[in-house]
Asker: 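Sharing a structure below in structure tokens format, with a few things to ask.
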Amino acid sequence: MAKELTSKSENYSQWYNDLVVKADLAENSAVRGCMVIKPYGYAIWEKMQAELDRMFKETGHVNAYFPLFIPKSFFSKEAAHVEGFAKECAVVTHYRLKNDPDGKGVIVDPSAKLEEELIVRPTSETIIWNTYKNWIQSWRDLPILCNQWANVVRWEMRTRLFLRTAEFLWQEGHTAHATKEEALEETFKMVNVYADFAENFMAMPVIKGHKSENERFAGALDTLTIEALMQDGKALQSGTSHFLGQNFAKAFDVQFANKEGKLEHVWATSWGVSTRLMGALVMAHSDDNGLVLPPKLAPFQVVIVPIYKNDEQLSAISAKVDEIVGKLKARGISVKYDSSDAKKPGWKFAEYELKGVPLRLAIGPRDLENGTVELARRDLLTKEVVNIEGIDEYVENLLENIQQTIYKKAFDYRTEHTSKADTWEEFKEILAAKGGFISAHWDGTSETEQKIKEETKATIRCIPLDAEEEEGKCIYSGKPSNKRVIYAIAY
RNA sequence: CGGGGUAUAGCACAGUCCGGUUAGUGUACCUGCUUUGGGAGCAGGGGGUCGCAGGUUCGAAUCCUGCUACCCCGACCA
């Protein structure tokens, strides 16, 4: 074996680290905490972007771009926001280098100090609301529905590829509305878009819900989240949508004249998903043989491997493969024909499994004689021999089936790892025994949430949107509660 | 940012304790032949500022000091 993966059961986090690197998704760079996203990984991200971008536009949003740098003074305008991000900001203080007079290399030119330091954006609310102030005067200017695709920097102390890096790629939507109701509606709309994307494209079931006060975005009145369950029983926050109320409008003095001619502060939302989704995708489906990619996000959905003994056989096979490729492409299926002579079939089989290609099609002399191909599906690791006749339709259906099977497997895993706890003892037992989501009553206080976190490391992942009214007692304090919330140990 | 660990060829490691020929093994790479339905075999070959910077010494991968990066555990976080 050329590339050995640590097994998932032996060491889950090592398995993840190995997989990301060995499947060629990303690697660590020369810059601490910052990753290089490699072409294969970036191709998946581009597929995610393309679909999300389409969904944003379908819901009336437009793309724009705001600066990487934010004047320091902007940051202090919204108190909770500063509080939340101050500890992880990169700061630009100078704008010039010069040759070191004492010898080698370059130094920062002390005479080139900026009058006002610039913050490398950890998120763009401040620069955007400073800008929106100029865009908004009357109710006729609203709503503003902008999104931007950008990089942001949060100076993390402990990083992991995709899951937490000092610089990451994301999209951030920032909207401005005339009424609270409309802003709230937007907040919900976007969390639904994220859930739709996660489930139908990533094949990853998610729970939609409100964040508790502790977990809320700095500066938001309400944060909605989608929470996914990874295969080690830990939760991963995969996307958030914030109702910002009038906090930023007040901080940046953004008012509009309503239909009665009175000035009012604008209502705001913001929402984002990041390259963290790549980590979610890896951890939701993959196995000890490597990545398992849902067909809708795979850089190529089908790989074709020829098996041959000489050039003559290869050209006969290639002729047949060209036909197949043409038919598959006509159906919009992306396919790679790997006729390279540099590697042997067995090597290619293992390599494409590691990279999660949903469907592998092998064709050799035996198949040419019989008019067949060998189809191997990545998700189930099963093989079958099928007729070339009608292969395109067959593959198309199979890809759809793989997409659904992957989803169902993740869904079943989540179902098995979602438990109800009614007592504190039970809660701790479940957490220790199998982890996963635990549905339990909570008295609604931060103190209780904090205590539970200290004692078990579990936090409230969300208060589900579809939580049923149910009288009960808080598992920790015993105080009355009227609905269950979702606990888990989180990434 | 606190505690622990690691750093030697593209990758995985040995050698470091106890300083002493030309730094070694597997794999990957290059050439040739034979191979090709699950990570091929044989033969030959190339590749190293031993993480970086200082110091000790006749002599440093090895001892000392500082720095950097990565991994694990904590605090913090998408």
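Here is the naming used below: chain letters follow the sequence lines, and residue numbers restart at 1 for every chain.
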Asker: Please determine which of A:Val302, A:Leu361, A:Leu359, A:Val395 meets the side chain to side chain contact (heavy atoms under 4.5 Å, CB included) test together with A:Val335.
Answerer: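 Only one of A:Val302, A:Leu361, A:Leu359, A:Val395 forms a side chain to side chain contact (heavy atoms under 4.5 Å, CB included) with A:Val335, namely A:Val302.
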Asker: Provide, to the nearest angstrom, the distance between the CG atom belonging to A:Leu354 and the C1' atom belonging to B:C11.
Answerer: 14 Å
Asker: Measure centre to centre between the rings of A:Tyr487 and A:Phe427, then say whether the value is under 6.0 Å.
Answerer: yes
Asker: Just how far, in rounded Å, is P of B:A40 from CZ of A:Phe349?
Answerer: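 Answer to the nearest Å: 11 Å.
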Asker: Please report the distance, rounded to the nearest Å, between NZ in A:Lys22 and P in B:A28.
Answerer: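 Nearest whole value for this atom pair: 14 Å.
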Asker: For the residue pair A:Val292 and A:Ile406, what are the closest heavy atoms and their distance?
Answerer: CG1-CD1, 3.8 Å
Asker: Who passes salt bridge (charged side-chain N to carboxylate O under 4.0 Å, His left out) against A:Glu51, sequence neighbours left out?
Answerer: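 Scan of A:Glu51 (salt bridge (charged side-chain N to carboxylate O under 4.0 Å, His left out), adjacent residues dropped) gives A:Arg54.
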Asker: Is there a Watson-Crick or G-U wobble partner for B:A7 with both distances under 3.5 Å, and which nucleotide is it?
Answerer: B:U68
Asker: In this structure, how many angstroms lie between the C1' atom of B:C29 and the NZ atom of A:Lys343, rounded?
Answerer: 9 Å
Asker: When the C1' atoms of B:C30 and B:G20 are compared, how many Å lie between them, rounded to an integer?
Answerer: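 The answer is 35 Å between these two C1' atoms.
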Asker: Could you work out the separation of B:G44 and B:A61 based on their C1' atoms and round it to a whole Å?
Answerer: 30 Å
Asker: Rounded to whole Å, how long is the line connecting atom CE of A:Met157 with atom C1' of B:A75?
Answerer: 11 Å
Asker: What are the two closest non-hydrogen atoms of A:Leu465 and A:His210, and how far apart are they?
Answerer: CD2-NE2, 3.5 Å
Asker: If I pick the P atom on B:A7 and the same atom on B:A43, what distance separates them, to the nearest angstrom?
Answerer: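 Comparing P positions in B:A43 and B:A7 gives a spacing of 33 Å.
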Asker: What pair of heavy atoms forms the shortest contact from A:Lys208 to A:Asn192, and how long is it?
Answerer: NZ-OD1, 2.7 Å
Asker: Can you check the A:Glu351 CD to B:U36 C1' distance for me, whole Å?
Answerer: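 In whole Å, B:U36 C1' and A:Glu351 CD are 17 Å from each other.
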Asker: Which base, if any, makes a Watson-Crick or G-U wobble pair with B:G38, both distances under 3.5 Å?
Answerer: none
Asker: What interatomic distance, in whole Å, is found between C1' of B:G24 and the corresponding atom of B:A14?
Answerer: 7 Å
Asker: At 4.0 Å (heavy atoms only), tell me whether A:Lys348 reaches a base, stays on the sugar-phosphate, or touches nothing.
Answerer: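 Nothing: the residue A:Lys348, judged by heavy atoms under 4.0 Å, touches no strand.
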Asker: Does a side-chain N or O from A:Lys453 land closer than 4.0 Å to OP1 or OP2 of B:G74, or not?
Answerer: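 No, because none of the side-chain N or O atoms of A:Lys453 sits under 4.0 Å from OP1 or OP2 of B:G74.
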Asker: With under 30° as parallel and over 60° as perpendicular, where do the rings of A:His417 and A:Tyr413 fit, or are they tilted in between?
Answerer: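 Judged by the thresholds at 30° and 60°, the geometry between A:His417 and A:Tyr413 is parallel.
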Asker: On a whole-Å scale, what distance lies between the C1' atoms belonging to B:G15 and B:U8?
Answerer: 9 Å
Asker: Checking base pairs now: Watson-Crick or wobble, both atom distances under 3.5 Å. What partners B:G19?
Answerer: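 Base partner found: none.
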Asker: Does A:Phe74 have A:Lys77 sitting over its ring (NZ/CZ under 6.0 Å from centre, angle to axis within 45°)?
Answerer: yes
Asker: Taking the same atom, P, in B:U49 and in B:G59, what whole-Å distance lies between them?
Answerer: 23 Å
Asker: Where each residue is assigned the nucleotide of RNA chain B containing its nearest heavy atom, which of A:Ala342 and A:Phe217 is assigned the position nearer the 5′ end?
Answerer: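 Mapping each residue to its closest nucleotide by heavy atoms, the 5'-most match is A:Ala342.
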Asker: Looking only at non-hydrogen atoms, find the nearest pair between A:Thr175 and A:Trp271 and report the distance.
Answerer: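 So the two residues come closest at CG2-NE1, 3.8 Å.
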Asker: Could you give the distance separating B:G48 and B:G41 at their P atoms, to the nearest angstrom?
Answerer: 26 Å
Asker: Considering only side-chain heavy atoms of A:Glu156, which listed nucleotide, B:C76, B:U36, B:G38, is closest?
Answerer: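 Closest nucleotide among those given: B:C76.
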Asker: Using Watson-Crick or G-U wobble geometry with both distances under 3.5 Å, which nucleotide pairs with B:C1?
Answerer: B:G74
Asker: For A:Asn214 and A:Glu374, take the nucleotide of RNA chain B holding the closest heavy atom to each; which residue's nucleotide lies nearer the 5' end?
Answerer: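 Its nearest nucleotide being more 5', the pick is A:Glu374.
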Asker: Could you check which nucleotide pairs with B:C13 in any of the strands shown, counting Watson-Crick or G-U wobble with both distances under 3.5 Å?
Answerer: B:G24
Asker: Looking at every heavy atom in both A:Gly219 and A:Ala80, which two are closest together, and how far apart are they?
Answerer: N-CB, 3.8 Å
Asker: Can you list, in residue-number order, the parts of residues 304-319 of chain A that come under 4.0 Å of RNA chain B, counting heavy atoms only?
Answerer: A:Ile307, A:Tyr308, A:Lys309
Asker: Could you check which nucleotide pairs with B:A60 in any of the strands shown, counting Watson-Crick or G-U wobble with both distances under 3.5 Å?
Answerer: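 Because no pair has both required distances under 3.5 Å, B:A60 counts as unpaired.
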Asker: Select base, sugar-phosphate, or nothing to describe what A:Leu236 touches, counting heavy atoms under 4.0 Å on all strands.
Answerer: nothing
Asker: Provide the distance between the two P atoms, one in B:C50 and one in B:G54, to the nearest whole Å.
Answerer: 13 Å
Asker: Could you list all N or O pairs between the protein and nucleotides 69-73 of chain B that sit under 3.5 Å apart?
Answerer:
unit_1	atom_1	unit_2	atom_2	d
B:A69	OP1	A:Arg32	NH1	3.3
B:A69	OP2	A:Arg32	NH1	2.7
B:C70	OP1	A:Gly33	N	3.0
B:C72	OP1	A:Asn17	ND2	3.4
B:C73	OP2	A:Arg158	NH2	2.3

Asker: Identify the nucleotide, in any strand shown, that forms a Watson-Crick or G-U wobble pair with B:G44, with both distances under 3.5 Å; if there is none, say none.
Answerer: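 B:G44 is paired with B:C30.
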Asker: Please confirm whether the ring centroid of A:His81 lies under 6.0 Å from the ring centroid of A:Phe248.
Answerer: yes
Asker: Starting at NZ of A:Lys344 and ending at P of B:G39, how long is that distance when rounded to a whole Å?
Answerer: 7 Å
Asker: What is the distance, to the nearest angstrom, from the CG atom on A:Asp341 to the C1' atom on B:U34?
Answerer: 13 Å
Asker: Measure across A:Asp287 and A:Leu381 and return the closest heavy-atom pair with its distance rounded to 0.1 Å.
Answerer: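 Taking A:Asp287 first and A:Leu381 second, the nearest heavy atoms are OD2-CD1, 4.3 Å.
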